[in-house]
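First comes the structure, then the notes that go with it.
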Amino acid sequence: MLVHPQFDPIALELGPLAVRWYGLMYVAAFIAFIGLGRLHARRRPELGWNRTMIDDLLFYGILGVVIGGRLGEVLFYQPGHYFSHPAEILAVWKGGMSFHGGFIGVLVALAWFAHKQGRSFFQISDFVAPLVPLGLMFGRIGNFINGELWGRPASPDLPWAMVFPYVDAVPRHPSQLYQAAGEGLLLFTLLWLYTAWPRAVGKASAVFLIGYGVLRFSAEFFRNPDPGIFSGLPLGLSTAQWLCVPMVLAGLWLYARRNT
């Protein structure tokens with residue numbers, strides 16, 4: 001049976017400055033976004049993107065991720081705690097970011113960027129779609145290094161079952177790695193190949209919605225569910241799974257509405 005290595009969350013210390021692995025994963029995600037964006041612009045020159053536009057888009061995206069991700073954590077997962085301790089809402093260094101909140105924040109940022117560029121929303125979101133999953137992969141690797149968001153109990157006979165000693169001695173699914181492989185590497189591969197050729201505007205965005213929603217929904221069966229505002233609803237689904245349902249439905253509707 002495997003045992004989580006219990007990495008030191010601090011990768012590097014420079015005097016009073018502590019550089020954390022999770023922060024480095026965010027940096028890796030942003031670098032991947034820039035690199036893939038430039039490569040995507042070169043392979044699809046008809047889309048009319050340049051380096052300045054990609055750099056500006058990243059700035060807007062970072063704002064959306066940080067503000068939306070934090071507000072999502074506050075509103076979707078721990079509203080009672082944060083409304084009782086409002087000063088902690090700004091304490092992002094203590095952790096607590098929601099993908100679905102960050103996703104909503106990014107949608108708002110993309111809409112604003114599209115307005116400034118004089119383009120349609122889906123022209124922007126289609127370009128962004130294949131650039132995002134590798135960043136999600138790095139984020140899940142950061143979760144694994146931190147030993148957080150661990151999985152549900154697994155059979156001791158599962159070859160890759162892992163004990164997280166700071167939680168308990170129960171073998172668990174390393175769900176962070178499942179998500180890194182699924183909504184990270186697999187989704188990236190599918191979208192990168194899908195967007196290599198011209199598609200109707202909105203199609204790539206629809207594939208991202210469907211792909212992420214299905215993969216995250218599936219991964220939640222192996223991940224220890226986070227408490228949240230929808231966790232008490234019937235069917236035994238987690239809050240994240242309930243939030244994935246409208247993503248998939250919206251993706252299916254969008255894909256069907258767009259011309260091939």
Side-chain angles (χ1 to χ4, degrees), residues 2-41 50-74 77-78 81-82 85-103 105-106 108-109 113 128 130-151 162-168 172 174-181 183-185 187-188 223-224 226:
L2 303 176
V3 177
H4 185 268
Q6 296 180 277
F7 298 98
D8 186 342
I10 298 177
L12 180 66
E13 288 186 282
L14 300 173
L17 177 64
V19 180
R20 296 179 175 271
W21 284 109
Y22 196 70
L24 290 178
M25 292 300 103
Y26 266 82
V27 173
F30 298 148
I31 292 174
F33 183 95
I34 291 291
L36 290 172
R38 293 176 177 177
L39 183 59
H40 190 37
N50 57 50
R51 292 190 174 194
T52 300
M53 293 169 63
I54 295 170
D55 293 346
D56 290 345
L57 178 61
L58 176 62
F59 174 75
Y60 281 85
I62 290 173
L63 291 179
V65 167
V66 174
I67 297 174
R70 188 58 172 174
L71 290 179
E73 178 71 16
V74 171
Y77 291 98
Q78 301 188 66
H81 172 78
Y82 285 109
H85 306 83
E88 292 188 17
I89 293 176
L90 299 178
V92 294
W93 56 88
K94 292 185 178 181
M97 297 285 282
S98 157
F99 165 81
H100 291 92
F103 177 69
V106 168
V108 174
F113 183 82
V128 169
L131 314 183
V132 172
L134 279 191
L136 300 178
M137 181 188 74
F138 287 123
R140 295 309 178 192
I141 292 174
N143 294 145
F144 179 75
I145 292 174
N146 283 348
E148 59 193 4
L149 308 183
W150 51 83
M162 181 172 290
V163 171
F164 293 81
Y166 37 79
V167 181
D168 51 33
R172 296 178 177 274
S175 57
Q176 313 97 323
L177 300 182
Y178 295 178
Q179 291 187 258
E183 65 207 44
L185 187 59
L187 185 57
F188 164 73
R223 171 175 163 173
N224 197 53
D226 299 316

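Sequential numbering from 1 along the given sequence is applied to the chain's residues.
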Handout entry: Exceeds 12 heavy-atom contacts within 6.0 angstrom, atom CZ of Phe7
Key = yes
For the residue pair [X] and [Y], establish whether any side-chain heavy-atom pair is separated by less than 4.5 Å.
X: Phe99; Y: Gln179; value: no
X: Val132; Y: Glu183; value: no
X: Met137; Y: Phe188; value: no

Give me the atom names and distance for the closest heavy-atom approach of [X] to [Y].
X: Phe144; Y: His4; result: O-NE2, 2.6 Å
X: Phe33; Y: Leu57; result: CZ-CD2, 3.9 Å
X: Ala180; Y: Ile141; result: CB-CG1, 4.3 Å
X: Gln176; Y: Glu148; result: NE2-O, 2.9 Å
X: Leu36; Y: Pro130; result: CD1-O, 4.4 Å
X: Gly72; Y: Ser98; result: C-CB, 3.6 Å

Looking at [atom1] of [X] and [atom2] of [Y], how far apart are the two atoms once the value is rounded to the nearest 0.5 Å?
X: Leu177; Y: Met162; atom1: CG; atom2: CE; result: 6.5 Å
X: Leu24; Y: Ile31; atom1: CG; atom2: CD1; result: 9.5 Å
X: Asn146; Y: Gln6; atom1: CG; atom2: CD; result: 12.5 Å
X: Ile34; Y: Ile54; atom1: CD1; atom2: CD1; result: 6.5 Å

Practice task
Applying side-chain contact (heavy atoms from CB on, under 4.5 Å), run through Tyr26 and Ile62 and close with a yes or a no.
Solution key: CA-CA 10 Å; Tyr26 266 82; Ile62 290 173; over 6 Å; no
Quick check against the 3.5 Å criterion: does [X] have a side-chain atom that pairs as donor or acceptor with the backbone of [Y]?
X: Trp21; Y: Asp8; answer: yes
X: His40; Y: Val128; answer: no
X: Tyr178; Y: Gly151; answer: no

Exercise for the section: For Asp226 and Leu149, run side-chain contact (heavy atoms from CB on, under 4.5 Å): C-alpha distance rounded to whole Å, both residues' side-chain angles, the deciding distance at 0.1 Å, then the answer. Expected result: CA-CA 8 Å; Asp226 299 316; Leu149 308 183; 4.0 Å; yes
Practice task
Measure the acute angle between the ring planes of Trp150 and Phe164, then classify it against the limits of 30° and 60° as parallel, tilted or perpendicular.
Solution key: tilted
